[in-house]
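See structure below.
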Amino acid sequence: MTSMLRQRYLLDPRRDGLTDAMGLPTFPFRLQVAVFVLSCAALAVVDPTPVNWPVYLLGLVLATAGVTVAARASGDPVDTRSAVLSAVLSMQAFPAILIAYDGVACAGALTIAGVGALSAVLLMLRGAMLVTLAAMALYVAMGCVVGIALGIDPVPQLLLHFNLAPSLSIVGLCAIVARPAVSAAMALRTQITQEAAAGAAQAAALRERDAQLGRLDSDAREMLERIAVGEEFSIADVRRCRLIQARLRDGIRAPSLDSPELSDAVWAARDRGVRVTLLDDRAGGADTIKEELARVHASAIDVIAGAKATDEVTVRVLPMGREHLATIVSRSPDGGVRREFSLDGSLT
């Protein structure tokens, strides 16, 4: 159960923590809300009390919109802007039923109030306790003011609201008790995410080390074995040893530029006499997005492949805080070329 909770609600970046764990964005929840709203409308239809339908339907739609905002808002606890919007949409329920039923206390008048109460329940469960309490106070005050202004006695329908008081009180107490557990769960989510990121970084480092060791084994094993037996090296062998040393040095001081394609291009260029220097001043490349750097790699391969024996090419990934991500400088007896790459990897 714990591992499933981790996988579905704590580690998945597409999910919003316990909001998804409660099932608020799901189709079954939306279906239940729809059935509840339709049941309220059906109760108003069968209630024999006369009703002003345009006002009633407008109040029901706005109260339903308040429920939707409370359920779909992001964050845990829910963000203040969404909580206020949901509360404002729900606060019109009391004036709406006052006008729709002319102050008569009946079952139909309780329906819009019930939808508005659902918004209050969701907001309290999602941590917006103060906003909900303030909205409930304003709800009563707004209904009384509107009723007095229109000459409608608000007391009968206000007393009708006390049918909802026990349920809202229980939900409020549950929210107060549950919030520490919710906060602990969200802290656990943050901790697990950080541990997962650290584990991924460590795994990437191990893969890079294995790749370096594999490349060293492929390039240097034969030469090391020949050195071990005391074999005499030719000029070509010495040159190959220097190329191997330069490739290993590139992997250490320019990890952001260490790709098989670029490494092969650099090897071939050095083999024909081109002076190639790879530099990574961006904290080892850990903060560089691979998609951005891929464009630098492609351009570097193009420049290095076209360099002549008398040319000198320097590819550098710049430090954090610079205006550019990387530069490629190619110098030759005939002149030089400089390419600069913006932070999104595009050529400027």
Exercise for review: Find out whether Val274 and Val266 are in side-chain contact, i.e. whether some heavy atom of one side chain is under 4.5 Å from a heavy atom of the other.
Suggested key: no

Study note, to complete from the structure: Sorted by chain and residue number, the side chain to side chain contact (heavy atoms under 4.5 Å, CB included) partners of Ser332 (sequence neighbours excluded) come out as Asp311, Asp334

Review point. Would Arg239 and Asp271 count as a side chain to side chain contact (heavy atoms under 4.5 Å, CB included) if you check the C-alpha gap in whole Å, the side-chain angles of each, and the deciding distance to 0.1 Å?
Key: CA-CA 8 Å; Arg239 186 172 185 175; Asp271 191 34; 3.8 Å; yes

Practice item. Answer yes or no: is there a donor N or O on one side and an acceptor on the other, between the side chain of Ser263 and the main chain of Ser259, under 3.5 Å? Key: no

Compile the donor-acceptor pairs under 3.5 Å between side chains in residues 51-65 and protein atoms, sequence neighbours left out, one pair per line.
unit_1: Tyr56; atom_1: OH; unit_2: Cys40; atom_2: O; d: 3.2
unit_1: Tyr56; atom_1: OH; unit_2: Thr111; atom_2: OG1; d: 2.6
unit_1: Thr64; atom_1: OG1; unit_2: Leu60; atom_2: O; d: 2.7

Review point. Is there a salt bridge (charged side-chain N to carboxylate O under 4.0 Å, His left out) between Asp250 and Arg270 once you walk through the steps?
Key: CA-CA 13 Å; Asp250 290 340; Arg270 285 171 174 161; 2.7 Å; yes

**Study point:** Residue pair Arg247 / Arg242, side-chain heavy-atom distance below 4.5 Å
**Key:** no

Practice item. Please test Glu312 against Ser330 for side chain to side chain contact (heavy atoms under 4.5 Å, CB included), starting from the C-alpha separation and ending with a verdict. Key: CA-CA 6 Å; Glu312 180 180 351; Ser330 177; over 6 Å; no

Check your understanding: Okay, side chain of Asp237, backbone of Ser234: is any donor-acceptor separation there less than 3.5 Å?
Key -> yes

**Study point:** Gap between atom CZ of Arg126 and atom OG1 of Thr132 - 0.5 Å precision
**Key:** 11.0 Å

Check your understanding: Between the side chain of Gln157 and the main-chain N/O of Pro154, is any donor-acceptor distance below 3.5 Å?
Key -> no

Point to revise | Arg339 vs Ser299, side-chain hydrogen bond (donor to acceptor under 3.5 Å, both in side chains): CA-CA, chis, key distance, verdict | key: CA-CA 9 Å; Arg339 297 186 181 183; Ser299 184; 2.6 Å; yes

Check your understanding: Are Thr314 and Arg331 side-chain neighbours, meaning at least one heavy-atom pair lies under 4.5 Å?
Key -> yes

Review point. So, the side chain of Arg240 versus the backbone of Ile235: is there a donor-acceptor pair under 3.5 Å, distance only?
Key: no

Review point. Going by heavy atoms in the side chains, are Val313 and Thr277 under 4.5 Å from each other?
Key: no

Practice item. Please check if any side-chain donor atom of Asp79 sits under 3.5 Å from a side-chain acceptor atom of Ser82, or the reverse. Key: yes

Practice item. Measure the CG-CD1 distance between Leu158 and Ile97 for me, rounded to the nearest 0.5 Å. Key: 9.5 Å

Check your understanding: Under a 4.5 Å cut-off applied to non-hydrogen side-chain atoms, are Leu257 and Val315 in contact?
Key -> yes

Review point. Any side-chain heavy atom of Ile244 within less than 4.5 Å of one from Trp267?
Key: yes

Check your understanding: Are any of the side-chain heavy atoms of Val317 and Leu293 separated by less than 4.5 Å?
Key -> yes

May I have the list of side-chain donor-acceptor pairs in residues 321-329 shorter than 3.5 Å, sequence neighbours left out?
unit_1: His324; atom_1: NE2; unit_2: Glu340; atom_2: OE1; d: 3.3

Review point. Hey, does Ser90 have a side-chain heavy atom less than 4.5 Å from the side chain of Tyr139?
Key: no

Exercise for review: Might you work through the side chain to side chain contact (heavy atoms under 4.5 Å, CB included) test for Val35 and Val37, ending with a clear yes or no?
Suggested key: CA-CA 6 Å; Val35 171; Val37 173; over 6 Å; no

Check your understanding: Atom CZ of Phe94 and atom CG of Leu138: how far apart are they, to the nearest 0.5 Å?
Key -> 13.5 Å

